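Quick notes on the structure that follows.
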Amino acid sequence: MRGVVFLGNRRAELRQFPDPHAGPGEAVVKVRASGICGSDLHRYRAAAPSETITGHEPCGVVAELGAGAPPGVSIGDRVMVHHYGGCGVCEMCSLGYEQLCQVRPGVIYGGGVGPTAGHGASADYILVPSRTLVPLPDGLSFEEGAAIACGTGTAWNGLKKMNVSGLDTVVVFGQGPVGLSATQAAKAMGARVIAVDVTPERLTLAKELGADHVINGGDEDPIKAIRSLTGGRGAAAAMETSGNPTARAQVLESVRPFGRACYVGLGSPSTATVDIGRDIIMKVLTVYGSWTFSKAELQECARFFVEAKIPLRRQFTHHFSLDQAIEAYRTFDGGATGKCVIVLD
């Protein structure tokens, strides 16, 4: 089979790998869509090469099952993959958060470094524990399922933590695929949405996807603009999706007293300068960190997008074949696209 690896310093290569086969407790999924996520760019841009296949947003059809597969899982099923593998039995794994396994470092399929690295979905097939499979609802395409399997699900889960509703004005910092998903989901939850970014193309797309107001943080002070749009009070809730240190600090400044803030953007290891006394304690803020989602939350997110009839497909601006993978990562690295996805027949 074919699979994409990163060679270091923004270079990718399509290589040949042996076809995988399912052992006990495993499943082989024929990949139909592999989403490209902002966190893929950290490894793409890094100097060190990776020997594992990239792509941690898998969606496809079950092609092979080993012994001990969960009841109800069959060959031919349309599935997403909760792309983590822990011990499967500790407290965190039992909660569906195998990425927080307490026994060993959890494998990240299509991501991770060293012992946490596992072959991902930018390939013809992916081999994963069969317990990680999540049914793809009939109302979602393979491309939409791939997005929900990481970036879109991450955005939705952060909004869920903040209990976003029609009572809220929500600011979303960053309008890459995760931020665009937050803009769409927050709007579907009834909120008034303010989208912040520095890329005109992404702000235009955010407006098309439902943002009530857009702010170019490169052209104006977003804090002043947010206060102006909220009668001087600030937003009820804010989410940071980019990992940018400046945006991380601005999230806390942008919300009103008793507001909520959620951080989902990993970004670089750079730290933000935050006045904890002024922006958290004396504003009585509730601050959340949110790392993707549990397996059950992945199922819940998929149902939400179907039932709310959110046109997730509208944020997909670029589709690529697996043979075009090098071009796909180069294009997404440019920072001006919506969601990019590799699609396989």
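Since the structure is predicted, the reported quantities are computational estimates derived from the model, not experimental observations. Computed over heavy atoms, backbone and side chain alike; hydrogens, waters and symmetry mates excluded. In this chain, residues are counted from 1 in sequence order.
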Tell me if a side-chain donor or acceptor on [X] pairs with a main-chain N or O of [Y] at a distance below 3.5 Å.
X    : Y    : answer
K295 : R131 : yes
S228 : K224 : no
R11  : G8   : yes
D77  : S74  : yes
T169 : A235 : no
N244 : T246 : yes
Y44  : R10  : yes
Q99  : F293 : yes
D168 : V170 : no
S294 : G96  : no

Under-4.0 Å salt bridge between [X] and [Y]:
X    : Y    : answer
K30  : E64  : no
E143 : K339 : no
R202 : D197 : no
D212 : K207 : no

Check whether [X] and [Y] end up in the same hydrophobic cluster, where Ile, Leu, Val, Met, Phe, Trp and Tyr are linked by side-chain heavy atoms less than 4.5 Å apart.
X    : Y    : result
V287 : V171 : yes
V61  : L298 : yes
F304 : L136 : yes
Y288 : L252 : no
I281 : V274 : yes

Hey, does [Y] have a side-chain heavy atom less than 4.5 Å from the side chain of [X]?
X    : Y    : value
L344 : F142 : no
H119 : Y109 : no
I215 : I226 : yes
Y263 : V251 : yes
F17  : R15  : yes
Q102 : C87  : no
S181 : Q315 : yes
T152 : F305 : yes

At what distance, to the nearest 0.5 angstrom, does [atom1] of [X] lie from [atom2] of [Y]?
X    : Y    : atom1 : atom2 : value
H213 : L203 : NE2   : CG    : 13.5 Å
M239 : T154 : CE    : OG1   : 9.0 Å
I36  : H56  : CD1   : NE2   : 10.5 Å
S254 : R227 : OG    : CZ    : 8.0 Å
C37  : E57  : SG    : CD    : 5.0 Å
M1   : L127 : CE    : CG    : 8.5 Å

query: Going through the checks in order, is the side chain to side chain donor-acceptor pair (under 3.5 Å) test met by E240 and S242?
result: CA-CA 6 Å; E240 206 297 300; S242 71; 2.5 Å; yes
Side chain to side chain donor-acceptor pair (under 3.5 Å) evaluation trace for R43 with S50: CA-CA 8 Å; R43 294 192 309 134; S50 170; 3.1 Å; yes
So, for [X] and [Y], which heavy atoms are closest and what is the spacing to 0.1 Å?
X    : Y    : answer
E98  : G86  : OE1-N, 2.6 Å
V255 : A238 : CG1-CB, 3.5 Å
G158 : C262 : CA-SG, 3.7 Å
D40  : G110 : OD1-O, 4.2 Å
M80  : A302 : CE-CB, 3.8 Å
I310 : A188 : CD1-CB, 3.5 Å

task: Walk me through it: do C59 and V31 pass the test side chain to side chain contact (heavy atoms under 4.5 Å, CB included)?
output: CA-CA 6 Å; C59 194; V31 179; over 6 Å; no
message: Using the ring centroid of each side chain, check whether F316 and H318 are separated by less than 6.0 Å.
response: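 So the answer is no for these two rings.
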- request: Answer with yes or no after comparing the ring centroid distance for Y329 and F6 against a 6.0 Å cut-off, counting only values under it.
  value: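 Yes, close enough.
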task: Mark yes when over 12 heavy atoms from residues, nucleotides or ligands other than L7 sit less than 6.0 Å from its CG; otherwise mark no.
output: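 Buried by this count: over 12 neighbours within 6.0 Å.
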- request: Could you walk me through whether K283 and D279 pass the side chain to side chain contact (heavy atoms under 4.5 Å, CB included) test, one step at a time?
  value: CA-CA 6 Å; K283 288 172 73 173; D279 291 329; 4.3 Å; yes
- prompt: Stepwise, does the side chain to side chain contact (heavy atoms under 4.5 Å, CB included) test hold for V5 with T54?
  reply: CA-CA 6 Å; V5 297; T54 190; over 6 Å; no
- request: Could you check R256 against T230 for side chain to side chain donor-acceptor pair (under 3.5 Å), going step by step and ending with a plain yes or no?
  value: CA-CA 9 Å; R256 69 190 187 194; T230 57; over 6 Å; no
message: Let's go through W156 and I148 carefully: what are the C-alpha distance in whole Å and the side-chain angles of both, what is the deciding distance for side chain to side chain contact (heavy atoms under 4.5 Å, CB included) to 0.1 Å, and is it a yes or a no?
response: CA-CA 9 Å; W156 170 85; I148 288 170; over 6 Å; no
Donor on one side chain, acceptor on other, E297 and Y97, under 3.5 Å: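 Their side chains do contain a donor-acceptor pair, which is all the 3.5 Å distance test asks for.
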Worked check of salt bridge (charged side-chain N to carboxylate O under 4.0 Å, His left out) between D323 and R2: CA-CA 9 Å; D323 289 328; R2 302 163 298 166; 2.9 Å; yes
task: Check the pair E144, S141 against side chain to side chain donor-acceptor pair (under 3.5 Å), reporting the backbone distance first and the verdict last.
output: CA-CA 5 Å; E144 291 170 316; S141 67; 3.2 Å; yes
side-chain contact (heavy atoms from CB on, under 4.5 Å) partner of V178, the single match among T183, V172, T241: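 One option only clears the test, and that one is T241.
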